[in-house]
Amino acid sequence: QVQLVESGGGLVQAGGSLRLSCAASARTFSNYRMGWFRQAPGKEREFVATINRSGGSTRYADSVKGRFTISRDNAKNTVYLQMNSLKPEDTAVYYCAAERTTGLGLRASEYAYWGQGTQVTVSS
C-alpha cells in the first residue's frame with residue numbers, strides 16, 4: 001500500500017508559478033511510475049504529466065507542455081510539478097498518482113494509488 005500526500009497548491013495570479021510536491025510512503029519509491037492529473041469543477045479528471053521510475057523519461061499534456069515540468073527525487077520519495085506561466089484555465093484540484101510498474105502512464109486507469117489532491121487557483 002502506498003500513501004501519497006500532495007502539497008504546494010494555492011492562489012496565484014495569471015503568469016505566476018507554483019511548485020507542487022507529492023510525498024510517497026512507498027518503501028521502494030523508485031519502483032513506481034508517477035503521474036499528475038487535474039480535475040476542474042464540472043469536468044473529468046485529465047492527464048497533466050507523467051514520469052518513469054528513474055526520472056529519465058517524461059510526457060506532458062499538450063495544454064501544459066513548455067510551462068510545466070515534472071521531476072522526482074527518489075532519495076526523498078517525492079515527485080514534483082513545477083508550474084510556470086500559469087493561466088486561469090489551469091485552475092483545478094491537482095492529484096498525484098502512483099503505479100508499481102515501468103514506463104509512462106497517461107491514463108488514470110493506469111494508476112492504483114492516488115493522493116487527496118491539492119487546490120490550485122489561478123486568478124486573471
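Keep in mind the model is a prediction, meaning the values are calculated, not measured.
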Can you tell me how far CG of Asn74 sits from OG of Ser54, rounded to the nearest 0.5 angstrom? 8.0 Å

What one should report as the nearest heavy-atom pair of Leu4 and Cys22 is CB-SG, 3.9 Å

Are Ile70 and Val120 co-members of a hydrophobic cluster defined by side-chain heavy atoms under 4.5 Å apart? yes

Does any part of the side chain of Asp73, heavy atoms only, come nearer than 4.5 Å to the side chain of Tyr80, both counted from C-beta? yes

CZ on Phe47 to OH on Tyr60, rounded to 0.5 Å: 9.0 Å

Roughly how far, to the nearest 0.5 Å, is CG of Leu106 from OG1 of Thr50? 6.5 Å

Do Tyr32 and Glu99 have side chains that get closer than 4.5 Å, going by heavy atoms? no

Check: Thr28 main-chain N/O paired with Ser30 side-chain donor or acceptor under 3.5 Å: no

Is there side-chain contact between Gln13 and Val122, with heavy atoms separated by less than 4.5 Å? no

Crowded around Gln3 CD? As in, over 12 foreign heavy atoms under 6.0 Å? no

Charged N to carboxylate O under 4.0 angstrom, Lys65 versus Asp62? yes

Under 6.0 Å from the ring centre and within 45 degrees of the ring axis: does the NZ or CZ of Arg72 meet both conditions for the six-membered ring of Phe29? yes

No-hydrogen, no-angle side-chain donor-acceptor test under 3.5 Å, Tyr113 and Ser25: no

Can you confirm whether the side chains of Ser17 and Asn84 place a donor and an acceptor under 3.5 Å from each other? yes

Looking only at heavy atoms, the pair that brings Tyr111 and Gly105 closest together is OH-O, 2.7 Å

To check you understand the geometry: which heavy-atom pair defines the closest contact between Ala14 and Ser124, and what is its length? CB-CA, 4.4 Å

Could you walk me through whether Glu6 and Tyr95 satisfy the side chain to side chain contact (heavy atoms under 4.5 Å, CB included) test, starting with their C-alpha distance in whole Å, then the side-chain angles of each, then the deciding distance to 0.1 Å, before giving a yes or no? CA-CA 7 Å; Glu6 302 98 335; Tyr95 297 91; 4.1 Å; yes

Considering non-hydrogen atoms only, spot the tightest contact between Ala108 and Trp114 and give its length. O-CZ2, 3.5 Å

Count I, L, V, M, F, W, Y as connected when their side-chain heavy atoms are under 4.5 Å apart, and connections chain through other members. Are Leu20 and Phe37 then in the same cluster? no

Residue pair Asp90 / Arg67, side-chain heavy-atom distance below 4.5 Å: yes

Taking all non-hydrogen atoms of both residues into account, name the closest pair between Val2 and Ala24 and its distance. CG1-CB, 4.4 Å

Hey, does the side chain of Thr91 reach the backbone of Thr121 with a donor-acceptor pair shorter than 3.5 angstrom? no

Rounded to the nearest 0.5 Å, what's the gap from CZ on Arg38 to CD on Glu89? Could you check? 8.0 Å

Kindly say whether Thr58 contributes a backbone atom to a donor-acceptor pair with the side chain of Asn52 at under 3.5 angstrom? no

Can you measure from CG (Leu104) to CZ (Arg59) and round to the nearest 0.5 angstrom? 5.5 Å

Give a yes or no on whether Glu46 atom CD has more than 12 heavy-atom contacts from other residues, nucleotides or ligands under 6.0 Å away. yes

If you apply the rule side chain to side chain contact (heavy atoms under 4.5 Å, CB included), what do you find for Val79 with Ser71, and how did you get there? CA-CA 6 Å; Val79 64; Ser71 62; over 6 Å; no

Side chain to side chain contact (heavy atoms under 4.5 Å, CB included) evaluation trace for Arg33 with Glu110: CA-CA 10 Å; Arg33 84 149 70 106; Glu110 295 180 287; 3.5 Å; yes

Tell me the closest heavy-atom pair linking Leu81 and Ala49, and the distance in Å. CD1-CB, 4.2 Å

Kindly compute the distance separating CH2 (Trp36) from OH (Tyr94), expressed to the nearest 0.5 Å. 10.0 Å

